[in-house]
4 protein chains.
Amino acid sequence: MKKSVPSMVKDPQLVKKRREQMIKGAVRLFTEKGFHRTTTREIAKESGFSIGTLYEYIGSKEDILYLVCDAIYDEVSDRLTQQLHTNSKGIERLKLAIAAYFQVVNDMQDEVLVMYQEAKSLPKEALPYVLQKELEMTEMIEKVIRDCVAEGVFQLSEPEIKLTAHNILVQGHMWTFRRWSIQKLFTLEEYTTLQIEQVLASIRSS
Amino acid sequence: MKKSVPSMVKDPQLVKKRREQMIKGAVRLFTEKGFHRTTTREIAKESGFSIGTLYEYIGSKEDILYLVCDAIYDEVSDRLTQQLHTNSKGIERLKLAIAAYFQVVNDMQDEVLVMYQEAKSLPKEALPYVLQKELEMTEMIEKVIRDCVAEGVFQLSEPEIKLTAHNILVQGHMWTFRRWSIQKLFTLEEYTTLQIEQVLASIRSS
Amino acid sequence: MKKSVPSMVKDPQLVKKRREQMIKGAVRLFTEKGFHRTTTREIAKESGFSIGTLYEYIGSKEDILYLVCDAIYDEVSDRLTQQLHTNSKGIERLKLAIAAYFQVVNDMQDEVLVMYQEAKSLPKEALPYVLQKELEMTEMIEKVIRDCVAEGVFQLSEPEIKLTAHNILVQGHMWTFRRWSIQKLFTLEEYTTLQIEQVLASIRSS
Amino acid sequence: MKKSVPSMVKDPQLVKKRREQMIKGAVRLFTEKGFHRTTTREIAKESGFSIGTLYEYIGSKEDILYLVCDAIYDEVSDRLTQQLHTNSKGIERLKLAIAAYFQVVNDMQDEVLVMYQEAKSLPKEALPYVLQKELEMTEMIEKVIRDCVAEGVFQLSEPEIKLTAHNILVQGHMWTFRRWSIQKLFTLEEYTTLQIEQVLASIRSS
DNA sequence: CATGAATGAGTTTTCATTCAT
DNA sequence: TATGAATGAAAACTCATTCAT
C-alpha cells in the first residue's frame, strides 16, 4: 500500500535519518510558503545538506510531499492509537479519544495544515494511499463510537456513527483551518469541552 | 476592503464581461489541475482570448485567483442572503438556512473546493479581505441562530452561537472536501437532515 | 513519414525563418563540439535569440538535431535530384551522378559529418525516418546504375547493383570522415576520378 | 604516443585486471546507450565494483572511452597481424587479408560501431593517437597491396595503393554502419566475395 | 483594444568527481 | 585498496510578463 520512495543510498539507518531531516525542513518551509513556492534547493538547505544529497534520498520533489504527509499521518495515528489503548470505558472513552485527538491536532497544527492544504499536489499514485489513511483515521474514531453503541451507552445507526466520526475528525481540522477565528474565541480546553458536549448531546437525543 | 485589480481597459462593461469569461475559464482549469499547475496561457485560451488580452484586464496571475475567489464568495453570499430573506421564523428558519447553504455548496462544489484549496496562494494583501468574507459568512449564520435565541426558541451563550455557526459552515465544506467518502454514504437530503438533527439536538439540550 | 516538430508560434513563415536560423547555428556548434556538448542556451545565442524563444519553436533539444538532419538530407537530396535531371545517357550519366554527389558532400562537409556522427542521438521515433532517407539516397544511385544495365551498357545482378550503390554512397561519406588523411592525398577532382575509375573497372569486368 | 591514463593503484596486474573489467562493462553499455547517455555509476556497477573504485583506475570518464577505443584497436590490429603472418603469396594473400579483416569486423561489430560513433568524444589529447592508429591500420592493408605490386602481380601507383587501402578499410566499417541494410542483402561470405571481386577488378584493369 | 512573439529568471534534476571511513 | 555518501556546477525546460504591431 505504501508508495515506496526510491533512494540511491543503501544504509537504511542513514536513509531514515536524512529523510527525517528533510521532512522537518520541508514542513517548516511548506508551512511558510506552501509546496509550490518552495524550491528543492531551499528544502535541501533547510535540511542541512546540498541539493545533490537531497536527490540521493528521493526521486522527485513530489516524493518529499509524500514523505511529509506520510510522516504526519503516522504520527497522528500513533498518538491517537496510543491514547485509545489506555483503559477507559463507555462515554468516558469517547470523551478521552476526542480530547486526545484535538490535543494531537493542536500540537501538530503546522503539519496538519500543510497536509490538508497540499495533499492535492501529491503524485497521482499516492492518492489512494492518502484516502486509505483518512479512512483509517475515520475508522479509529468510528470504532470508539461503535463500542459505545455495543455497550448500550447510546443508540446510533451505522450511517450516524460514520457521520459522527467524520464530524469529529473535521472539527479537529477546523481547529487549525479556522484558527484565525476559533483560536481567538476559545482555548483548546474550551473548544474541546464545547465540541464534546455538542457531540454527546446530539448522540443522546437521537 | 475589496482589493482593486488593475486593468488597462477603460470601459467598465467590457472589463466586467472579460473578467467573467476569465473566471469561468479559470475555475474549470483550477478544478482540474489546481492554480499552480495552470498556466496563464491556458487560462487565456480557455477564456477565449489571447495572453496579451488577458493581461489587459489583470496585473498578475494571482489577481485571477483573487477574482475567482471573490466571485465565488459573492455568489455563495448572494444565494444565501436571498434565502434568508424568505419569510420564516424560529427553528424553521434555521433549518431552511442550513438546508439552503448546503444546497449552494452542493451546487458549487468545484468552486468551493477550488476556493478553499487555493486560498493560501492568494496575494498577501488579499488575505484580510478573504478572512473578512469568511467572517461575514459566519455572521450570517450566527445571526440566524442569534435571532432564534432572541425569540426564546432556545438558549445559547455567545461563544456557543459562534461555535455552532462555525460548525455549520464547516459541515458545508465537508460535503465537498470529503465527498469521496461522505457522498457515497449519503444523498444531500440525508446529509442535510442528519446534520440539522445533530445541530438542533445539541442546541436544545444545552 | 516526417516527424512533426511542435511549435508554439503560429505564423508558418516565421517558424520557417527561425528554424533556419536555428539549424545554421546548431550545425556550427555541433561541428565544433558535438550534439551532447552543445547546450540549448548556446544554440539559442548562436541563432540570435533567447532560450525562451528557442523553445517556442521546438519541443526538446533532440528536435533540433532532427531538424538539422532533416534539412541536410533535403539539401543533399535536392542537389542530387537536380543533377540527375540533366540530360545525359549511359556511363556518362553515372559518372556525372557520382561526381555531382561527391561535389555536394564536399560542399556540405560539416553538415554531413554532423549528421552521420550524431544520428544515433536522434529521438527513437525519428530513426525509421532517417533509415528511410538513407534508403532513398541509395535508391537514387541504384536507379542510375540500373538504367545503365537496362540500356545494356554493362551487366550487373540486382545484389551487385545495390552493393555498388552502397559503395558509392559510402565513398562520399569517406571523403568527410577520413578527410584528415584522404584530403591530404587527393584533391576532390583526383578523388572523384580515381573512385569513378574503380567503380567502372569493377563493373565492366564483372 | 599512447596517452597514459592515471591510476592511484600501484600493482600493474591489478590495474590491468580492473581495466579489463571496466572495458567489458563499458562496451556493453556504450553499445546500448552511447557514451554520453551512460553514467560512470552505471559503468562501475556493470564492471562489478563501486564508483569509488572506478576512479582509482582512471582520471575521468573520457579515459574510459579512450581505454575502450584503445583496446578495440589493439584487438583488431592483433587479429589482423596474426592473419597476415600466415604463409601466402600474391593475390591470395590480399584476398585472405581482406576476408580476415571483414571477419574481425564482423566478430566485433558492437565494438567497432561504438568506436567509430564515439571517437569524436575522446579527450582532445587522444585524437592524434587515434589518427595514428587508423593510419597504422591503413598501412597494414597498404603493405599487403604494395607487396603484390612489388611482386609484379599488378600495377598500382602509390596514391592508388593508398586509396585502395582506405576503400577496403571503409568497406569493413560499412558492414557494421549500414548493417540495417547490407546485412539483410548479404551474408558475410557473399559480401566478402563481392567486395574482393570489385577490388581486384578495379586493380587489374588499372 | 487585441494580439502573440520574445524574453530570461527561475525551476527541477542529473551526474562526474571527491574524500572520509 | 575499496567503498559509497556528499557535493554543486551545469543542463534542459517552463512560464509569467512585456511590448511592438
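Atoms considered below: every heavy atom in the structure, side chains included; atoms not considered: hydrogens, waters and symmetry mates. Chain A is the first sequence line, chain B the second, and so forth, proteins listed ahead of strands; every chain is numbered from 1. Owing to the predicted nature of the structure, the values given are computational and were not obtained by experimental measurement.
Both the sub-6.0 Å distance and the 45° axial angle are satisfied by C/K61 relative to the ring of C/F35.
With E/dA5, E/dA9, E/dA2 as the candidates, the nucleotide lying closest to the side chain of C/V9 is E/dA5. Here E/dC1 is the nucleotide among F/dT1, E/dC1, E/dA6 with the atom lying nearest to any side-chain atom of B/L14. Taking every side-chain heavy atom of D/I51 into account, E/dT17 is the closest of F/dA2, E/dT17, E/dT3. Taking every side-chain heavy atom of A/S50 into account, F/dG8 is the closest of F/dA12, F/dG8, E/dA6. Closest to the side chain of A/Y55, from the set E/dT12, F/dA5, E/dC1, is E/dT12. In the set F/dT17, E/dT17, F/dT1, the nucleotide with an atom closest to the side chain of D/S60 is E/dT17.
For the pair C/Y57 OH and F/dT14 P, the computed distance is 16 Å after rounding to whole Å. Counting to the nearest Å, the P atom of F/dT17 and the CG atom of B/L54 are 10 Å from each other. If you measure from atom CD of C/Q13 to atom C1' of F/dT21, you get 17 Å, rounded to the nearest angstrom. The distance from atom NZ of B/K61 to atom C1' of F/dC15 is 8 Å, rounded to the nearest whole Å.
A side chain to side chain donor-acceptor pair (under 3.5 Å) with A/D70 is found for one member of A/K3, A/K133, A/K2 and no other, namely A/K2.
Side chain of B/S7 to backbone of B/V9: a donor-acceptor contact under 3.5 angstrom is found. Distance alone, capped at 3.5 Å, is enough to place a donor-acceptor pair between the D/Q21 side chain and the D/S47 backbone.
Secondary-structure stems of DNA chain E, taken as three or more successive Watson-Crick or G-U wobble pairs (i with j, i+1 with j-1) under a 3.5 Å distance threshold, comprise E:2-21 with F:2-21.
The minimum heavy-atom distance linking B/S121 with B/H36 is given by the pair OG-CE1, 3.1 Å.
Remark: D/T38, D/T39, D/T40 in residues 36-48 of chain D come within less than 4.0 Å of DNA chain E through at least one heavy atom.
Across all strands shown, C/M8 has heavy atoms under 4.0 Å from sugar-phosphate atoms exclusively, and none from any base.
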